[in-house]
Structures are given as C-alpha cells and as structure tokens.
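Written below as structure tokens is the structure these notes are about.
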Amino acid sequence: MELIITEKDNAARRIAEILSEGGASVERRNGVAVYRWGGRRCIGLSGHVVGVDFPPEYADWRDVRPVELVDAEVVKTETQENIVAALRSLAREADRAIVATDYDREGELIGKEAYELVREEADIPIRRVRFSSITDREVREAFAEPEELDFDLAAAGEARQIIDLMWGAALTRFLSLSAKQLGDDFISVGRVQSPTLKLIVDREREIEAFDPEDYWELYADLAKEAGAADDEFEAQYFFEGDDGTEQERLWDEDEATAADERLRGATSAVVESVRRRTRTDDPPAPFNTTQYIRAAGSIGYSAQRAMSIAEDLYTAGYVTYPRTDNTVYPDDLDERELLETFAGHPNFGDDARHLLERDEIEPTSGDKQTTDHPPIHPTGEFPTELTDDEWEVYELVVRRFFATVAEPATWAHLRVVAEANGCRLKANGKRLVDPGYHAVYPYLSTTENYVPEVEEGERLDVTEVRLDAKQTQPPRRRGQSRLIETMESMGVGTKATRHGTLQKLYDRGYIEGDPPRPTKLAMGVVEAAERFADLVVSEEMTAQLEQDMTAIADGEATLDDVTDESRDILKRVFADLHDSREEIGKHLRASLKADKVLGPCPECGSDLLVRRSRWGSYFVGCDGYPDCEYTLPLPNRGEPMVLDERCEEHDLKHVKMLAGRNTFTHGCPRCRAEEADETEDRVIGACPDCGPEEGGELAIKTLRSGSRLVGCTRYPECEYSLPLPRRGEIEVLDERCEEHDLPELVVHNGDPWELGCPICNFAEYKARRAARAIEDLDGVGRKTAEKLAAVGIESLDDLRTAEADEVAAEVQGVSADRIREWQTEASAG
DNA sequence: GCAAGGTC
C-alpha cells in the first residue's frame, strides 16, 4: 500500500479525488478521515502534529530560573494525538510513503515530522512531491516523478522553532516573575509579537510628542461669467516656496490675512493656464492574504473576522486557500473558463458576460510569486446558503477576481491655474471617463472633482473667498489592516499568523480599541525590552533569523551553529537583566496600575481604580480598600478602557466601554452616578408582573451605572424591567399602547427614534436578536431563518428543543440531519 | 501559565 500524507484534510480529499479520478472512498481512523482507492491511502494532517517544548522538569515557573531555559534541552511532543496515532497505524500497513505537504519551508518541516513518525513504525521508502496548486495537471505531474525531502530546509524551520521558544519562554518568564504576574495575566514577549507591539508603541510616542503648528489655507470659489450656477468650482491659493516648489500652506498669520485681503479685493480671476491629461488607472493585483484583509477591512470587517469568514468559505469549497503570499495566478488557472462558470449566475452573470467580451483575457499580477498556494480567488463552486457577512465577503473575492481580468479605468484630469489680484489659484479636476474595472469592483473610491471647461485668458467671477485656520495633525494610529501591511513589509510574522498576533496583543492587555491603542502596560514592556533585550523588540531579529535559515537551507550552516550563537546572545541579555530585576518589576507594576487609575478618591484621597468583582463585573474602587470602601458602578456591558481625557469637576479620567460594535463612552463615572442620583423616576403605568396584586408601578429610571430602564417601583422585591437606550432625552407621549396600557416613548438623540410602547419594543428587539442568532448558525441563511420562523422556531431555544424530524417534514429543502447539526451548534454556542 | 508556526 502507498501512503500519501498531506498538510490538511482538504488537500488530502482533493488529491484523492484527482488521483482516483473520483473513485476514492472515505473511512475513519481514530476519527481522522482517510481516503482510499486501489492500493493507495491518503491522510491529511492538521499542520504541525508535533511541537517543541521543554522537558517536564522545567514546567514550574517558580522552580526554574528563567536563564536555565537557555541551555535546556528542547524536545518534540505529539500535539495532535489522534492524527499521530492514525498516521502510525497507516504507516505499519504501508510499503512506501509520499509526503505531499505544502510547498514551502514550514511544509517541508511538517513533512519531516511526518517522515519521522512513519520511520518509527516502518522502514519503507519515503519520498516527497511538490506542487503549487492542487490542480489535475500539477498533481499528476508531481506524483509521476517524486523527489526527496529537503532535510536542510526542514532544519531551517526547526532552528526557528528552537530560537523562538527559548527567547520567548525565557524572557516571558523573567518579566512575569519580576512583576509577580504569574496567573492568567503573565507578561509575554516574542520575536513577532514584541516588534509588532513596539510599532504600535512608537506611533503612540510620536502622537504624544506631537506639537501642533498653526497654518492657514486660502480658497476661492470661481464661476464662469456666463455659465450655469453649478459651474462654480473651488480653487486654492498657492505660491512658490523658497525651494521653487508649489506651496499651499501659509505659516504666518499676518501673511495669511494679507493674502486673504488681497484676494477679497478681486472680483474676477483670469485663467492663466489649462492643462488636460488622461490617466489610466490599472486594475488591482490578485488577492494575497494581506490585501484581502485590507479590502475586507474597507467594508468593515476586522482582520480576525475577515480571516475567519475566508476560512469558512474555503472549507466549504467556494474560494481557494486564504493563507497565501502569492499575487500571481498560476499557469493552470484558466481565467476565461472560470469567468464562463459565472456567466449564468443571477448576481454575477451580467458582469461576467461583459468581461468575456474582451478578445484577450490577460490577468493582472503582483510582485510576489510563491510556490505554495495560488492567490485567493473563487473556485467556481457556487454557494447556496450563506450568512449576510459570508455573502458580502464572497462577493468581494469574486469581484476582485473580475477586477484582475478587467480593463483599466481612464480618468480625465484638468488643471486650471488662474490669477486674481496678484494671487495665484489652482484647481484640479478629475472625471472618470471610462470606469473600466471599477464597473465590476465597486470597493475603491471613484469620487470625481468637478472643474468646468475653461479657456486660457478667460475671465472668471470670484464668488467667495475663504481663509481656513488649520493645525498640523499628529500621525494617525494604524488600523488593523495597516498594521498587518506594515508587519508584512517588515518581514515579521507570516500570512497565516499576523492577524492572530494582533489578537494576541489584545488578549494580553497590550492594546485596546480599533485602531489599536497601546496600554500603559505595553509602554512599560516595550521600555523594559528596549533597555535590556533590544533584539526581541526589533525587526532585525527576524531579518537575522531569515538569513540564518537561508544559510541552513543552503547547507552553509548547521542547526546547531545557528541555535548556539543565539544561545550566546540570549545569555548576554540575561547577564544584564539579572541586576535590574527589582527595578524592572517595579516599573512593570507601576505600568499595570497606570492603566487602571482614574484619579483621587473623594473620601480618602488615594487612587480610584478600575477593579473587577468576584463575579466578573467591573466597578471603580479605592486603592485604600479595606480602610476606604468608596465605590462607583460601571456599565455592565463591555471592557472598560481608561481614556486620557479628564473630568474637570472631579479630576477623574473618562472611561470608555469596549464592546465591539456597541462600544460607547461612559465618561466620568462620578458624573454619571450623580446625574442618576438627581434624576427623578418617571412613573408611566402599572407593573404587568406585580401591579394587580401589589400595586407596583413601572417607571423610567436612570441607574448610577448610567444604564436606563423601565422598571418596577417595588424593586428589588419585583425585578420586572425593560431596557432603554443609554443616550438621548426620553419623551413620554400621550398616546398609549392598547395592549399594555403604557405610553409611547420617543428618544431624541439625533433623528427622533419612535420607540413606542416599551413592552412591545422589547418583544420586537428580542425577536430580531433571536432571528440573528439563528442566522449565525453555520449554513442558515435569511431565507431558511424565515422558513424556520414560519413553523414557530424563533429562538435558539426553540431550535434546540424542536423535534428535528418534525421540523424537516414541515420545512422544505432542509434535512433532519442538517437540523440536528444546527441543534448541536446551537447548544455549543 | 512561556513563542511562533501550522490548521479547524
């Protein structure tokens, strides 16, 4: 029997399909899928099935001095026991094996790990095949002429594993021990996470150090003398700077007002020059992971969410592998054929047919060509049931593919320079003459700037003059996709890990919000690392490692050469760290506290801190506790983030509550509490729970945490309550709900929101939320959710408790098995 | 309880 080993199940299934010409069957070993046909078996791993670690005697952080990890042995442990067991048992039955993992360095290492597991069981020939996309031709050609594993390349990967573990673990333990942070709140550093964190911290330092400067810009509205009213356009004042370049900003107020007055003295301007240009705007390159994340970010998806959706679409077979650096379509991809599959599609058909009219389909390509996976593109398999988010992302991938085979766009640029009373004015117009690829890819801006056709020497009316006082702005914080792009350009992390690294920084309490802002703890960690272990916060560590890995792969260095040198460097770092342990610990503890301090306690003058209760909720408490028991409540939704902004009255920092899309600013917690104390409850009717027996009434209440609700006046004996929005004035109308005998409410926060009867409103809200929860289940689209609602399934609970067979009989197109899958998912979530 | 890299 010949055993074929791939990096993942998906690849195993597709390779089996190709080599067996569709004749493969699936069986399970230890729960792992094995594809069989003829004399062949094919198993997919799950990436690395073994990992590096220290022997168990190094496990206790308190027992082992961190520096000892530098010379500790590094052992391999099985991390995916089911898969390893399945692989071993298959190996015992095989008379030869073929490693078919991904065609990249990490794939070579994963292949070598499989090689060693097989070797422990059987002394059989083990060969290697390499292909860059799982297509019929590439796979057949690769299997026709198997090659050998590249052990040097695999050793390069192992060197990375060892160095990352030893630096990461030793320094993480050192910092955590020094700050006495040993539980879930340990303080981590690493070759990838720390330079990424420094990138964010450095930008924050620039922002903090920024000193804004005043400047002025001068504008005039110009209009053709006999033209239509909408022929008016804006032109900007400019002058020649000392270096001969065009300048728009006036840095001196007197000069600015002088120019303003001069221009105001002009009633007309004379066109000095008109320049027309045509510019082509080339369609974008195929999607690699980073550019995909960026595009998904521009339509509102976080990096993590974008990757998670892409992975789901990939597993379902609708798009190709989402983790790739490649921006060049492989020769095997027939773009015309793929377009043809879309020609009959209800959503994409028109665009696909239009693109097929081109004589020659020549796709764009990016700078980077790799051997592991093609750029992300649709497979041509059409999805049936997608959630709204999945559909939006799927459409993005389809349209990006369309864009890469579409024509360039053409813009007409028109630059007009005019002179008015000695002032020179310019206007740059642009018009999209031919939308080209924008017609099929509507995600990039096509904003035009209108400037009418004018002639040289033509006289224009000056209809308005504006002098804008402005200030230079600090650099902007990078958003998630910009950070990922920067990490890529620094060579830090990989296509498969960068978004996860950002998530890790959030989880470790190093960054908050979006765009991410570093915490004081992050500032402290980066400062400590810069002083004592500069290498671990520098991108050079990765650059050096890459060079060393290349040397190992080329046979110019050995794994031991490289790891021993790294050990020496790390030992020198520890020699410096040793004496400063106390000082570093104090600094880190001060940083940790700084993230939580709001300001002085009104009762004892100690610091008020954001704290967490035993039940997990947040509140503001005094650092003087238990001597001082002063507290203030915080909203019960989201994670509190302390802002720099301070309340003038109470000298307390403002608090923002981070809750994804529902993030809001709470402000000064003392102000909120005092406002609540001063707000009278407004009675609006009888309590439906206890009104008849106990005479309880419903009132609009404001809590000290800032929440508002309609609740029973007998609270806490009666806990009946309905939520109200946090913001906006609540108006009570005379109209009453017939069913509940309560007044209709209107919330004034921007556009008036007619909330109506609070009981009806809450019922509707719950129904909407339930519908959304059901739609979030894997493979339940809106249509299915509607069908389920029609048979009375309106919440996850309804779904969980329903009889799958009965529902299947009533709902067309949904099997009982499918419903049981959803029930499992609903119970798990 | 450490890292970073695969993959789910």
Side-chain angles (χ1 to χ4, degrees), chain A residues 6-12 31-33 44-54 58-70 72 74 76 79-80 82-83 101-114 154 156-177 180-197 307-316 321-324 372-373 487 492-505 507-508 533 536 541-542 545-546 549 566 570 778 828:
Chain A
T6 69
E7 190 156 323
K8 42 190 169 279
D9 174 64
N10 226 302
V32 183
L45 308 177
S46 182
H48 291 287
V49 292
V50 297
V52 290
D53 206 346
F54 299 110
Y58 292 90
D60 193 325
W61 290 32
R62 272 163 300 215
D63 273 3
V64 181
R65 286 180 303 128
V67 69
E68 289 177 47
L69 295 179
V70 182
V74 173
K76 292 207 176 181
T79 50
Q80 304 272 2
N82 281 345
I83 299 176
T101 47
D102 292 355
Y103 186 8
D104 58 15
R105 187 176 57 218
E106 217 59 27
E108 210 66 21
L109 177 52
I110 291 164
K112 191 212 161 194
E113 289 159 3
E158 287 182 291
R160 179 200 58 69
Q161 288 184 317
I162 294 167
I163 290 171
D164 281 341
L165 175 64
M166 134 187 130
W167 279 76
L171 289 172
T172 294
R173 287 195 192 181
F174 180 90
L175 291 184
S176 303
L177 283 162
K180 300 189 179 66
Q181 290 283 302
L182 290 190
D184 294 336
D185 300 322
F186 63 87
I187 296 172
S188 67
V189 281
R191 174 179 57 84
V192 172
Q193 60 170 278
S194 298
T196 305
L197 189 57
M307 283 314 289
S308 148
I309 295 174
E311 278 153 19
D312 288 345
L313 292 173
Y314 157 69
T315 321
Y321 192 65
R323 295 182 271 264
T324 177
D372 50 354
H373 300 285
M487 289 169 77
V492 155
T494 74
K495 70 229 171 186
T497 60
R498 290 185 192 112
H499 63 283
T501 300
L502 288 187
Q503 188 56 51
K504 182 177 280 183
L505 297 179
D507 295 344
R508 296 281 153 84
V536 85
M541 179 154 177
T542 295
L545 184 60
E546 287 290 342
M549 283 195 288
S566 187
L570 185 53
D778 205 15

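Residue numbering restarts at 1 for every chain, and letters A, B, ... go by the order of the sequence lines.
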Considering every strand and a 4.0 Å limit on heavy-atom distances, what is the contact class for Phe174(A): base, sugar-phosphate, or nothing? nothing
Just to verify, what does Ala33(A) make a side chain to side chain contact (heavy atoms under 4.5 Å, CB included) with, not counting sequence neighbours? Asp9(A), Val26(A), Arg28(A), Tyr35(A)
Considering every strand and a 4.0 Å limit on heavy-atom distances, what is the contact class for Glu7(A): base, sugar-phosphate, or nothing? sugar-phosphate
Indicate, with a heavy-atom threshold strictly under 4.0 Å, whether Arg105(A) touches base, sugar-phosphate, or nothing. nothing
Hey, does Gln80(A) reach any base, or is it just sugar-phosphate, or nothing, if we go heavy atoms under 4.0 Å? base
For Ala59(A), which contact category applies under a 4.0 Å heavy-atom criterion: base, sugar-phosphate, or nothing? base
Take Glu108(A) and Arg105(A) through the salt bridge (charged side-chain N to carboxylate O under 4.0 Å, His left out) test and state the conclusion after the steps. CA-CA 5 Å; Glu108(A) 210 66 21; Arg105(A) 187 176 57 218; over 6 Å; no
Of the options Lys495(A), Met307(A), His373(A), which is the one that meets Pro322(A) in a side chain to side chain contact (heavy atoms under 4.5 Å, CB included)? Met307(A)
Less than 4.0 Å between a side-chain N and a carboxylate O, is that true for Asp102(A) and Lys8(A)? yes
Counterpart residues, side chain to side chain contact (heavy atoms under 4.5 Å, CB included), relative to Gln161(A) (two or more places apart): His48(A), Val52(A), Leu109(A), Glu113(A), Glu158(A)
With a 4.0 Å cut-off on heavy atoms, is Arg191(A) in touch with a base, just the backbone sugar-phosphate, or nothing at all? sugar-phosphate
Contacted region of DNA chain B by chain A, from 5' end to 3' end of the hits, cut-off under 4.0 Å to heavy atoms, spans dG1(B) to dC8(B)
Base, sugar-phosphate alone, or nothing: which one does Asp102(A) contact when heavy atoms must sit under 4.0 Å apart? sugar-phosphate
Taking any heavy-atom pair under 4.0 Å as a contact, classify Gly157(A): base, sugar-phosphate, or nothing. nothing
Exceeds 12 heavy-atom contacts within 6.0 angstrom, atom CZ of Phe54(A): yes
